[in-house]
Amino acid sequence: MTNTPTLAVDAEHLTKRYRRTTTNAVDDISLSIRAGETFGILGANGAGKTSTVEMIAGLRRPTSGQVRILGLDPWRDRTKVRKVLGVQLQEASLHDALTCEELVDLYRSFYPDPLGTEEVLEMVELRSRARTRFSKLSGGQQQRLSIALALVGRPEVVILDELTTGLDPSARRRVWSALEALRRQTVILVSHAMDEVERLCDRVALINGGRVIAQGTPEDLRRQAGASTLEDAFVALTGRAFDTDDEEETS
Ligand SMILES: Nc1ncnc2c1ncn2[C@@H]1O[C@H](COP(=O)(O)OP(=O)(O)OP(=O)(O)O)[C@@H](O)[C@H]1O
């Protein structure tokens with residue numbers, strides 16, 4: 001097994017160049033994420049956030065560079081990594097015909113010591129929907145279920161991509177509270193939402209054009225940029241307005 005590394009995730013010089021593209025989507029990113037911290041990956045559309053976490057999760061092969069997750073190579077040691085990692089990705093496609101309960105039970109079967117089905121559904125306030133098919137849930141409920149599925153195996157490391165996008169304000173707060181209750185886990189949170197990052201993250205990497213352009217606590221980033229809010233720091237450090245979807249089409 002692993003020899004209790006102090007780093008939960010150690011990514012070195014990660015680079016991803018997609019086929020038929022001329023620039024690196026991820027361009028020499030190194031991240032050291034400590035065990036037990038909630039680490040935010042923040043950046044505008046197309047900055048390279050999802051590509052980065054997909055490489056960390058072993059879902060995409062880096063063009064170059066390497067990742068260790070609890071000392072394991074996520075690409076080579078997939079079976080072992082699956083037991084210690086929970087992933088909620090954007091636009092997760094789940095089996096529409098299965099109910100919430102059936103999906104949770106399916107995911108429970110992947111892990112050695114999962115949470116109970118009711119407990120998990122309770123955590124994301126979907127207990128009353130246990131017998132509802134996935135296709136019949138609202139967008140926000142589907143999102144909450146995908147969070148539950150990422151957490152059901154009590155994974156040591158959890159990757160959450162766009163955690164609360166599309167949730168209404170009270171649902172966001174409920175999800176945040178559920179996450180705050182899981183403080184001992186290492187959480188990698190990909191986000192656009194500054195309030196979410198400020199509330200949940202111990203440290204943040206700000207990504208722009210596939211590179212880490214600043215890293216530190218939210219307070220460090222504000223100080224570094226001479227800004228009073230994280231959003232102002234983002235604008236100052238990246239030189240662009242936040243949340244502009246101004247990437248060129250990639251068809
Ligand atoms: N499969 C792919 N093939 C080609 N290019 C891709 C592919 N996936 C992503 N890209 C490109 O790589 C760059 C980084 O994309 P990525 O999805 O990692 O960014 P992101 O920061 O997660 O964006 P968003 O916030 O919009 O989800 C973008 O320019 C995107 O168009």
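Residue numbers start at 1 and run along the sequence shown. Just so you know, ligand 1 is whichever comes first in the structure, and atom 1 is the first atom listed for that ligand.
- Under the 4.0 Å criterion applied to side-chain N and carboxylate O atoms, R199 and E180 are assigned as salt-bridge partners.
- Taking only nitrogen or oxygen atoms, main chain and side chain alike, G46 reaches within less than 3.5 Å of ligand 1.
- Short contacts between ligand 1 and A47, defined as distances under 4.0 Å to a heavy atom of the residue, involve ligand atoms 19 (O), 20 (P), 21 (O).
- Remark: T229 pairs with D232 by the side-chain hydrogen bond (donor to acceptor under 3.5 Å, both in side chains) rule, at least two apart or across chains.
- Heavy-atom distances between A44 and ligand 1 reach below 4.0 Å in at least one pair.
- Inclusion of T21 in the set of residues having an N or O under 3.5 Å from an N or O of ligand 1 is not warranted.
- Distances between N or O atoms of S51 and those of ligand 1 include at least one value under 3.5 Å.
- Under the 3.5 Å distance criterion, the side-chain polar atoms of K83 are left unmatched by any main-chain donor or acceptor of P155.
- In this structure, K136 fails the cation-pi test against F134, since its NZ or CZ atom is not both closer than 6.0 Å to the six-membered ring centre and inside 45 degrees of the ring normal.
- The side-chain hydrogen bond (donor to acceptor under 3.5 Å, both in side chains) search around E54 returns R60, not counting sequence neighbours.
- For the residue pair T50 / D161, a side-chain donor-acceptor distance below 3.5 Å is found, with atom types taken as modelled.
- Counting the atoms of ligand 1 from 1 in the order shown, those under 4.0 Å from a heavy atom of N45 are 23 (O), 24 (P), 25 (O), 26 (O).
- Under a 4.0 Å heavy-atom criterion, G48 is in contact with ligand 1.
- Distances between N or O atoms of R19 and those of ligand 1 include no value under 3.5 Å.
- Between the side chains of D105 and T117, at least one donor N or O lies within less than 3.5 Å of an accepting N or O.
- Contact atoms of ligand 1 toward H192: 25 (O) (distance under 4.0 Å to a heavy atom of the residue).
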